[in-house]
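Residue numbering restarts at 1 for every chain, and letters A, B, ... go by the order of the sequence lines. The analysis underlying the following values was restricted to heavy atoms, covering all of them including side chains, and did not include hydrogens, waters or symmetry mates.
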Protein chains: 2
Amino acid sequence: MPKISDVASRAGVSPATASRVLNGKSTVAPELAERVQAAAAEMQYRPNGLARSLRRRETTVIALIIGDVENPFFTSLARGVEDAAHADGYSVILCNSDEDPVKERRYVDVALQERAAGVVLSSAGSTESIGMLRDQRIPFVAVDRPVEGAATDTVVVDTRSAAAAATLHLLEQGYQRIGCIAGPAGIATADDRLAGYRDALRAANRRIPARLVRHAEFKAAGAKAAARQLLDRRERPDALLVANCVMARGVLEAMAELGLRSGRDVGLAAFDDDPWTTLITPPMTVIAQPAHDLGLIATRLLLSRIADPARAATTSTLHATLIPRGSTER
Amino acid sequence: MPKISDVASRAGVSPATASRVLNGKSTVAPELAERVQAAAAEMQYRPNGLARSLRRRETTVIALIIGDVENPFFTSLARGVEDAAHADGYSVILCNSDEDPVKERRYVDVALQERAAGVVLSSAGSTESIGMLRDQRIPFVAVDRPVEGAATDTVVVDTRSAAAAATLHLLEQGYQRIGCIAGPAGIATADDRLAGYRDALRAANRRIPARLVRHAEFKAAGAKAAARQLLDRRERPDALLVANCVMARGVLEAMAELGLRSGRDVGLAAFDDDPWTTLITPPMTVIAQPAHDLGLIATRLLLSRIADPARAATTSTLHATLIPRGSTER
DNA sequence: CTGTTAGCGCGTTCAA
DNA sequence: TTGAACGCGCTAACAG
């Protein structure tokens, strides 16, 4: 691969001049500029990004750390990040933490080593990784899940009140024993959704039935097991609020095996508006989250912080929308 | 951020010695080594990946270029790539071509600029980007879709024969007018699946009904429109082979709007074993692809080529599996 | 407006 | 075994 000095000598100028032409900095005699451009084109010159970044002391990659690329919520978010990043000439390194604080820490390490310009983080709760980010003063934004401690750019969804609204909806539909299959304790969105569920029951002067609440990973398998425990007994809940659509899949599997039909036998509402939810029978009531916008806004926030590290921290809260469907009609 | 010379002076040695210790190269007096390790730990030293890569003339990132992160087939594949890459200390840059040859070319450009160690490419058909990769002699492997020209490491699925098997299954179930909603013409997997469909009809001495074939993007919306065209007339097909599950969603939407039930009214089989396909009524017949393995094997192949660029090119073909379910029972 | 010089942070010579 | 010197490819500062 040719380097800039090769281009320069072919064009009969100094490397510095070639650099100036190729970067559009300062002004160069039109004739020389043309010779440089021609030489670069002929040789298929491609600047060495590493050398450039080393010298400029800045890169154009941002790291995105999420819990699970196979969860449509996160891929949609990732897409938003990508769109915003590429629009500004940045590349994205995608890292899968598997909701494991140790892996998360490792990826933050990689991001720091590679001198990423910034990080978009949906944290699994590793206070250590957040400490590293803060120590190194590398721009980062918390997305989907807030982080503890000092003020930080944050983009989240009003997931707690959305969970309350969904629970209220179940109450209004006449369900009496409403259970909840929550995400892993300690993860903000999981805790918030559970809290919202409790808020609504409390507001309606209902008992908050600890026996109707289960925690599980944000995966289908765990939710399936939890649902089976909850549903396979006489005193079963007559409705369930589920922390996301991946988990709802597991719940639906359990219900099918137990011969239970959603809506009629068990009211069902879950977070995330997976496109498949309208194709099942009955269609599933969901709490739609603006995942793509979440990624988009988080990334714009990050880019603006990269541009101005001194700017005060911002939190923006997007709204989730309850979409009632057949799974909550008796 | 501290640099290696900072660590060295704190440990009272030269930068060269510090480098030797930190990289485990050559042998250093145990006492000095310990001092260096201690200093590095205290200062939270993190080698500058850019400088290191520049000096070593090699990076540890690989680029993954796919058509659509929001397609579960690709995310599963991406997961396989990630798993294999991280196991070997490589990072992955994920690039979304949107099945657009121009975007694909741009990402190849980025990969070259950043001096990626290699590329895993599911090509949208940009001959230009493949030419660039070949010209620069950068290791790359074609995944899911073969590329034209010189021998290239390739990992694919026997999608053509799988499509034929699925079509044969539809014939055996007694469907008479079998249509096909294919992917975009020019994309290998789309063309192959359509070819397999034709193979099976030809082998059964059936007419190959051009009027029952439609092309669409690998998206729900396009497939929905195509399905509506096909199904909303008297002489409609009584079964459909669909190029993937994302498209099948569109087909199911169209059928719901037309009041058609899969299985009874229209037999339905689609590529990819999306977990939702067992939750709809009736469950959908699918052709399951080993997407995760595809990514895994492709990446291992890539890493082995990075290690030995002279090795002869390999093609491995994985098998897809027909899973008959209710959507192909009358 | 252009060229020369210097150095980003590292790993690897080559001598001692 | 250790350290000094050099250069990976680039761009910013300084001179001319």
Side-chain angles (χ1 to χ4, degrees), chain A residues 1-37 39-40 43-61 89 109-117 136 138, chain B residues 1-37 39-40 43-61 89 109-117 136 138:
Chain A
M1 264 193 207
K3 35 200 200 188
I4 200 169
S5 61
D6 298 329
V7 174
S9 58
R10 178 188 257 254
V13 299
S14 76
T17 299
S19 170
R20 281 189 276 254
V21 173
L22 266 13
N23 292 296
K25 305 280 186 189
S26 143
T27 154
V28 180
E31 193 202 0
L32 291 191
E34 200 150 332
R35 292 214 313 259
V36 170
Q37 296 287 15
M43 308 176 78
Q44 298 207 64
Y45 170 71
R46 231 178 304 266
N48 182 322
L50 293 124
R52 164 177 288 177
S53 299
L54 179 60
R55 174 63 234 228
R56 287 193 180 156
R57 325 195 85 216
E58 67 185 25
T59 61
T60 54
V61 326
D109 230 7
V110 171
L112 293 174
Q113 293 220 12
E114 300 306 322
R115 304 303 192 258
Q136 307 300 331
I138 171 175
Chain B
M1 267 195 202
K3 37 199 199 189
I4 200 169
S5 61
D6 298 328
V7 174
S9 56
R10 179 188 257 254
V13 299
S14 75
T17 299
S19 170
R20 282 189 275 257
V21 173
L22 267 10
N23 292 297
K25 304 285 187 187
S26 134
T27 158
V28 179
E31 192 205 359
L32 291 191
E34 202 150 331
R35 292 218 309 265
V36 172
Q37 297 287 14
M43 309 177 77
Q44 299 206 62
Y45 169 69
R46 232 180 303 265
N48 182 321
L50 293 125
R52 164 177 282 178
S53 299
L54 180 59
R55 172 63 231 219
R56 285 193 178 154
R57 325 194 84 211
E58 68 185 24
T59 61
T60 55
V61 326
D109 230 7
V110 172
L112 294 174
Q113 294 220 12
E114 299 306 321
R115 301 306 191 255
Q136 307 300 333
I138 173 174

Within less than 4.0 Å of OP1 or OP2 of [N], is there a side-chain N or O belonging to [X]?
X       : N      : result
A:Asn48 : D:dC8  : no
A:Tyr45 : D:dC10 : yes
A:Arg52 : D:dT11 : yes
B:Arg57 : D:dC8  : no

(message) Are the side chains of A:Thr17 and A:Val28 in contact, using a 4.5 Å heavy-atom criterion?
(response)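 Of all side-chain heavy-atom pairs linking A:Thr17 with A:Val28, at least one is under 4.5 Å.
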(request) Would you mind reporting whether B:Arg52 and B:Asn23 have side-chain heavy atoms less than 4.5 Å apart? (result)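 Side chain of B:Asn23 against side chain of B:Arg52, heavy atoms only: contact under 4.5 Å found.
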(message) Rounded to the nearest 0.5 Å, what separates atom CE in B:Met1 from atom OH in B:Tyr45?
(response)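 The OH atom of B:Tyr45 is 11.0 Å from CE of B:Met1, to the nearest 0.5 Å.
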(request) Could you grab the distance from atom CZ of B:Arg56 to atom CG of A:Leu50, nearest 0.5 Å is fine? (result)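 So the CZ of B:Arg56 and the CG of A:Leu50 are separated by 12.5 Å.
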In whole Å, I'd like the distance from the [atom1] atom of [X] to the [atom2] atom of [N].
X        : N      : atom1 : atom2 : value
B:Leu22  : C:dC10 : CG    : P     : 9 Å
B:Arg35  : D:dT1  : CZ    : P     : 16 Å
A:Gln113 : C:dG9  : CD    : C1'   : 13 Å
B:Asn23  : C:dT12 : CG    : P     : 7 Å
A:Arg115 : C:dG9  : CZ    : C1'   : 9 Å
B:Arg56  : D:dG7  : CZ    : C1'   : 16 Å
B:Glu114 : D:dG9  : CD    : C1'   : 13 Å
B:Lys25  : D:dT1  : NZ    : P     : 16 Å

(message) Given B:Val7, which partner from the list B:Gln37, B:Met43, B:Arg35 fulfils the side chain to side chain contact (heavy atoms under 4.5 Å, CB included) test?
(response)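 Running side chain to side chain contact (heavy atoms under 4.5 Å, CB included) over B:Gln37, B:Met43, B:Arg35 with B:Val7 returns exactly one hit, B:Met43.
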Backbone N or O of [Y] within a donor-acceptor pair of the [X] side chain at under 3.5 Å?
X        : Y        : value
A:Arg46  : B:Gln113 : no
A:Ser9   : A:Ser5   : yes
A:Arg115 : A:Leu112 : yes

(message) When the axes are fitted on five pairs at both termini, how much does the helix from C:dC1-D:dG16 to C:dA16-D:dT1 curve, in 10° steps?
(response)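 It comes to 50° between the two terminal axes.
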(request) Side chain of B:Leu32 only, please: which of D:dC8, D:dT2, D:dT11 is the nearest? (result)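 For the B:Leu32 side chain, the nearest candidate turns out to be D:dT2.
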(request) For B:Ser53, enumerate each residue passing the side-chain hydrogen bond (donor to acceptor under 3.5 Å, both in side chains) test, keeping only those at least two apart in sequence or located in another chain. (result)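 Once residues adjacent in sequence are excluded, B:Ser53 has no partner under the side-chain hydrogen bond (donor to acceptor under 3.5 Å, both in side chains) criterion.
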(message) If you take any heavy atom closer than 4.0 Å to DNA chain C, which residues from residues 1-18 of chain B end up in contact?
(response)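 By residue number: B:Lys3, B:Ile4, B:Ala16.
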(request) Would you state whether a donor and an acceptor, one from the side chain of B:Arg20 and one from the base of D:dG3, lie under 3.5 Å apart? (result)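 Check passes, donor-acceptor contact within cut-off.
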(message) Assuming nearest nucleotide by heavy-atom distance, tell me which of B:Leu54 and B:Thr27 is located more 5' along DNA chain D.
(response)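 Per heavy-atom nearest nucleotide, the more 5' residue is B:Thr27.
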(request) Give the minimum heavy-atom separation between B:Ile138 and B:Ala116, together with the two atoms involved. (result)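 Here B:Ile138 and B:Ala116 meet closest at CD1-O, 3.3 Å.
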